[in-house]
There are 2 protein chains.
Amino acid sequence: MLSQTCIYGIQTCIFLALPEQVEKRVRVSTIAEELHISPTFLSKIVNQLVQVGILKSVRGVSGGTWLAKPAQEIKAVDIVLAIDGNRIFNECLLGLPGCNDRNPCPFHQQWSNVRLQLLAMFQSSTLDTLAAKVNDLDLRIRQHKNNDH
Amino acid sequence: MLSQTCIYGIQTCIFLALPEQVEKRVRVSTIAEELHISPTFLSKIVNQLVQVGILKSVRGVSGGTWLAKPAQEIKAVDIVLAIDGNRIFNECLLGLPGCNDRNPCPFHQQWSNVRLQLLAMFQSSTLDTLAAKVNDLDLRIRQHKNNDH
DNA sequence: CGAAATAAAGATAAAAGACTCTTAAAACTA
DNA sequence: TAGTTTTAAGAGTCTTTTATCTTTATTTCG
């Protein structure tokens, strides 16, 4: 559904929207350790999100990355579009190019409804909402939150 | 969303459910040509579907493959489960193992709804329904149906 | 300015998925 | 039984995604 790269991007942004991190410069290596992601790989993902204006970053001592905008102004859909593009919101279930209302595949109508619901989910999910869920309800944004030691 | 292998499997089964093909032995090479799939690759997919009882096949002269059951008794979900497994119906949007109602990720509730709708779509799609759509409305099950020559 | 810390970038590697090529096995036909 | 046709199976290739390793550029601090 989402690429691993995109999943890491979303997890990172939610992490940066948590009250403990917000407005701070957080090292990529710290995020990578917290979320169990390879640091250099995450560095490239962070850079992608910097390019599209979702994150900011500075190098050097006391450098790091942080949300470029208030958390309530960043939606999950922005991250998905930045990393995976609009493929998942447009693509035919059977991968047929040019599948649309006038020239549909047999799944087109039902699949369009699913895609709309998917889009609505990502559009209605702002980082502050997601971070609040994680914070208030102790929800998970990484593997084995309560099993680590 | 679906693997290419699974897409080919679905297209093949819909093709075999069309009135022209049903109850006949259709050569894999014929299907491959019609649907623009590599014949040897399709052969393996057909074999997978034979193993789980969705298709039957015989080798040799006048051999071929055909639906193992009446088209109204085969659902799209059967094909998806046979080839891609139940991953797409169960897996966490963020790929977190053990994500469930009691230990959810921040997308869990909304994503569960989308997955249910997805499951409903595949469960309600029988091959006879899909084939009828393709046949009655001239819907597409392959690339460039009207552009070929 | 020099040293240390940190992100960015480039090259490489590993894994998975998609696809191909070749050979084997089975079924029909004469 | 011999020959032909067709699916089955095994091994190999190509591409994309994911991840790592190494070097470079930038920033801060003393």
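Chain identifiers are assigned alphabetically (A, B, ...) following the order of the sequence lines, protein sequences preceding nucleic acid strands; residue numbering begins at 1 within each chain.
OP1 or OP2 of C/dC19 sits under 4.0 Å from a side-chain N or O of B/Tyr8. For B/Ser38 and C/dT20, the shortest distance from a side-chain N or O to OP1 or OP2 is below 4.0 Å. Phosphate contact (OP1/OP2 of D/dT18, side-chain N/O of A/Thr5, threshold under 4.0 Å): present. Of the side-chain N and O atoms in A/Asn47, none sit less than 4.0 angstrom from OP1 or OP2 of C/dA7. Contact between the side-chain N/O atoms of B/Ser43 and the OP1/OP2 oxygens of D/dA9 is not found at any separation under 4.0 Å. For A/Ser57 and C/dA8, the shortest distance from a side-chain N or O to OP1 or OP2 is below 4.0 Å. Taking only side-chain nitrogens and oxygens, A/Arg59 never comes nearer than 4.0 Å to OP1 or OP2 of D/dA25.
Across all strands, B/Thr65 comes closer than 4.0 Å to no nucleic acid atom at all (heavy-atom distances).
Nearest-nucleotide positions on DNA chain C place A/Gly63 closer to the 5' end than the other of A/Gly63 and B/Pro39. Judged by closest nucleotide on DNA chain D, A/Cys6 is the one of A/Ser62 and A/Cys6 placed further toward the 5' end. Between A/Val61 and A/Phe41, the residue whose closest nucleotide on DNA chain D is further toward the 5' end is A/Phe41.
Taking atom CD1 of B/Ile83 as the reference point, atom P of C/dC19 lies 13 Å away to the nearest angstrom. Distance NZ (B/Lys56) to C1' (C/dA27): 17 Å, rounded to an integer number of Å. Atoms CD (B/Gln4) and C1' (C/dT20) sit 16 Å apart, rounded to a whole Å. Between the P atom of D/dA8 and the CD atom of B/Gln48 lies a distance of 12 Å, rounded to the nearest Å. B/Gln51 places its CD atom 9 Å from the C1' atom of D/dA8, with the value rounded to the nearest Å. Protein atom CZ of B/Arg27 is 18 Å distant from nucleotide atom P of C/dA27, rounded to whole Å. Per the geometry, CG belonging to A/Leu42 stands 19 Å off P belonging to D/dT17, to the nearest Å. Atom CH2 of B/Trp66 and atom P of C/dA27 are 11 Å apart (whole Å).
In this structure, the side chains of A/Leu67 and A/Ile74 come closer than 4.5 Å at one or more pairs of heavy atoms. A heavy-atom distance below 4.5 Å is not found between the side chains of B/Ile88 and A/Met1. Put simply, the side chain of B/Arg115 reaches to within 4.5 Å of the side chain of B/Ser112, judged on heavy atoms. Looking only at side-chain heavy atoms (C-beta outward), A/Gln21 and A/Ile31 stay at 4.5 Å or farther from each other. Looking at A/Gln11 and B/Leu96, their side chains come closer than 4.5 Å, going by heavy atoms from C-beta outward.
You'll find that the side chain of A/Ser3 is closest to D/dT18, out of D/dT20, C/dC21, D/dT18.
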